[in-house]
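Here the structure is a predicted model, which is why all the values come from computation and not from measurement.
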Amino acid sequence: MHRRIIAPGALAAASVLLAIPASAASASPGAPGIGDPYYPAYGNGGYDVSHYDLRLKYQPATDELEGTATILAKTTQDLSRFDLDFLLDVSEVRVNGAVAAFTTSGEHELEITPKAPLAKGATVTVVVRYSGIPSSKQAYGFTSWHRTADGGVGANEPEAAWWWFPGNDHPLDKATYDVSVLVPDGSQAISNGTLQSTSSRLGWTRYNWRSNKPQATYLATLAVGRFDITTGTTESGIPVVNAYSKDLGDNAGAARASIERTGEIADWLSGYFGPYPFDALGGYVPNTNTGYALETQTRPFYSPRQFANGSNVSVVVHELAHQWYGDYVSVAGWKDIWLNEGFARYAQWLWSEHEGEGTAQELADYVYASHPADDAFWTVKPGDPGAANQFDIAVYDRGALAVQALRNEIGDDAFFAVLKGWPKQHAYGNASVADLRKYAEQISGKELGPLFDTWLFQPAKPATPAARTASIAKVSAAPAQPKSWRKIAATNDVHEH
């Protein structure tokens, strides 16, 4: 409540000062980036989001999206202004019910100025009304919105949210989600989590999805199109929803033969990584022309090209491994990408062992021998590859080599205790490569600094003695190609954006 006090002279000035919230004098704008050196403008400072409520209407024929986003957050400083990451056209912003001023800046910044400064520690409700054609928007010369013949898809890494909802776009700010989407009858809307309800009226159908565990913004997904949907339950009781575009053509059978094994693979992975951490599971294949797959939380995105040469269970293993390594525990910064990709690739090696198509050690020996010392492969440091090399094959294959080196150094008992205990220790949070090293040292009782430095941070091929110490490349002759190698290599572009 604001009171206007009219008084003469100095009393008037004093009264006006008293009417301003105590935080006003110290309030300052939130940073336009969360502080990630790889992507300085990604995310924002000054607040932390707890929940996104997205109420959307999408017209597949024209790619028109209308939305109202309600964002629940808490301030982390006295704020005079704050940013959201967003690209579509905004018509109104309210902060705690009051109309707020807004403008845009940079490639994807929506700058919001509330009527009064926000004190540190305050709970804040931000409502953004918006519309636009996502496929018409670009930032940094690219788009993360994929137009399809029957609709559109939002899925990419490290950014996808800007094209369909405003947010704090960095894994450090995870939140829960309600996503409600109105589409014409005959189309379906696929998103993360569990389908709470559907309802139809006057030629439109609304789909209400809920993600009740913290989720990074890049892991939120939306797909609208015409899908064949299958449902089931894993042996451990998790509901499974899979969706396949009706126009996958020759790739349809291979896609189904792979993704319908999602429940089986998740149950198998839980033996290594601990209980599956979410209440929903599945995957979807829209008819996009992209080549990558993505671990969108609870419901990975797969492109049809992943199945162009037949079934590809290995890519399903990779994306489901990310549900623990990447989703349950997310990176503290994008330089920590090895925690996602090295372990998801290693899960493919474990699947190879499971299928009797080559042990993890045989795959490690083969990778080591396949890259001579002067190969640029060894110049990429998986522990801090740089933004340009974030999805380089070395982050995957050299990254998995590092995981095998860790296994050999500390022994199977400690190694598998780390695989299972690490996600639990950082459940629904964030962590760094340094955090993993510390945890592995605690579990194993060994100093692991030299090993981590050799395999993750040196821009050179580890010398043969070091490799032998880790039981990698211990054979003098070139090792035979493991039977699983072609299937694993077929996923090399899994995150090649």
Side-chain angles (χ1 to χ4, degrees), residues 269 271-274 317-318 321-322 324-326 328-329 331-332 335-354 358-369 371 377-378 380-385 392-426 431-475 479 482 488:
L269 283 168
Y272 289 100
F273 298 156
V317 171
H318 185 102
H322 277 313
W324 286 266
Y325 283 80
Y328 188 32
V329 182
V331 294
K335 70 182 179 63
D336 299 305
I337 192 66
W338 171 70
L339 294 173
N340 293 11
E341 303 306 343
F343 285 85
R345 175 67 93 191
Y346 195 77
Q348 295 175 270
W349 292 11
L350 292 174
W351 180 256
S352 174
E353 284 190 2
H354 174 70
T359 66
Q361 185 62 64
E362 289 167 344
L363 285 158
D365 289 338
Y366 183 76
V367 169
Y368 183 89
H371 298 278
F377 175 88
W378 299 107
V380 176
K381 300 176 290 184
D384 189 0
D392 189 271
I393 189 59
V395 176
Y396 296 73
D397 283 352
R398 186 180 175 182
L401 275 175
V403 178
Q404 181 65 21
L406 175 64
R407 178 179 179 177
N408 294 330
E409 177 70 18
I410 67 177
D412 276 9
D413 288 348
F415 175 74
F416 289 113
V418 168
L419 275 194
K420 189 172 289 187
W422 163 255
K424 184 177 180 180
Q425 185 182 66
H426 294 278
S432 67
V433 173
D435 292 328
L436 181 85
R437 173 190 157 187
K438 181 180 178 181
Y439 182 76
E441 288 176 338
Q442 290 173 347
I443 296 298
S444 67
K446 292 191 172 186
E447 158 56 35
L448 298 173
L451 181 136
F452 270 65
D453 183 61
T454 296
W455 290 98
L456 293 177
F457 294 102
Q458 290 302 316
K461 184 174 184 175
T464 301
R468 284 179 177 155
T469 297
S471 301
I472 290 177
K474 59 184 181 296
V475 292
I488 293 171

Looking at [X] and [Y], would you say the former's side chain and the latter's main chain have a donor-acceptor pair under 3.5 Å?
X    : Y    : value
R345 : I488 : yes
W338 : G399 : yes
D435 : S432 : yes
K420 : G271 : yes
K461 : H371 : yes

Close side-chain approach of [X] and [Y], heavy atoms under 4.5 Å:
X    : Y    : answer
D392 : P385 : no
F343 : W324 : no
V403 : W455 : no
V418 : I410 : yes
L339 : V329 : no
P382 : Y396 : no

Nearest non-hydrogen partners of [X] and [Y], listed with the distance:
X    : Y    : value
L451 : A405 : CD1-O, 3.6 Å
L269 : V317 : CD1-O, 4.0 Å
V367 : W349 : CG2-CZ2, 3.9 Å
A321 : F273 : CB-CE1, 3.9 Å
S352 : G358 : OG-O, 2.6 Å
E353 : A360 : OE2-N, 2.8 Å

Rounded to the nearest 0.5 Å, what separates atom [atom1] in [X] from atom [atom2] in [Y]?
X    : Y    : atom1 : atom2 : result
E441 : L436 : CD    : CG    : 10.0 Å
Q442 : Q425 : CD    : CD    : 6.5 Å
K424 : Y328 : NZ    : OH    : 8.0 Å
L350 : L419 : CG    : CG    : 7.0 Å
E341 : H322 : CD    : NE2   : 3.5 Å
L363 : L401 : CG    : CG    : 9.5 Å

* Assess whether atom CG of D412 is packed by more than 12 heavy atoms of other residues, nucleotides or ligands within 6.0 Å. =>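 Yes, CG of D412 has more than 12 neighbouring heavy atoms, counting only those of other groups under 6.0 Å.
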* Please find out if less than 6.0 Å separates the ring center of Y346 from that of F415. => yes
* To do: Start with the C-alpha gap between W378 and Q458, add the side-chain angles, then the distance that decides, and say whether side-chain contact (heavy atoms from CB on, under 4.5 Å) holds.
  => CA-CA 8 Å; W378 299 107; Q458 290 302 316; over 6 Å; no
* Start with the C-alpha distance between Q361 and N408, add both sets of side-chain angles, then the distance that settles side-chain contact (heavy atoms from CB on, under 4.5 Å), and finish with yes or no. => CA-CA 9 Å; Q361 185 62 64; N408 294 330; 3.0 Å; yes
* Report the residue from L456, V380, N340 that forms a side-chain contact (heavy atoms from CB on, under 4.5 Å) with V395. => V380
* Asked: In this structure, which one of Y368, F377, Y366 forms a side-chain contact (heavy atoms from CB on, under 4.5 Å) with D397?
  -> F377
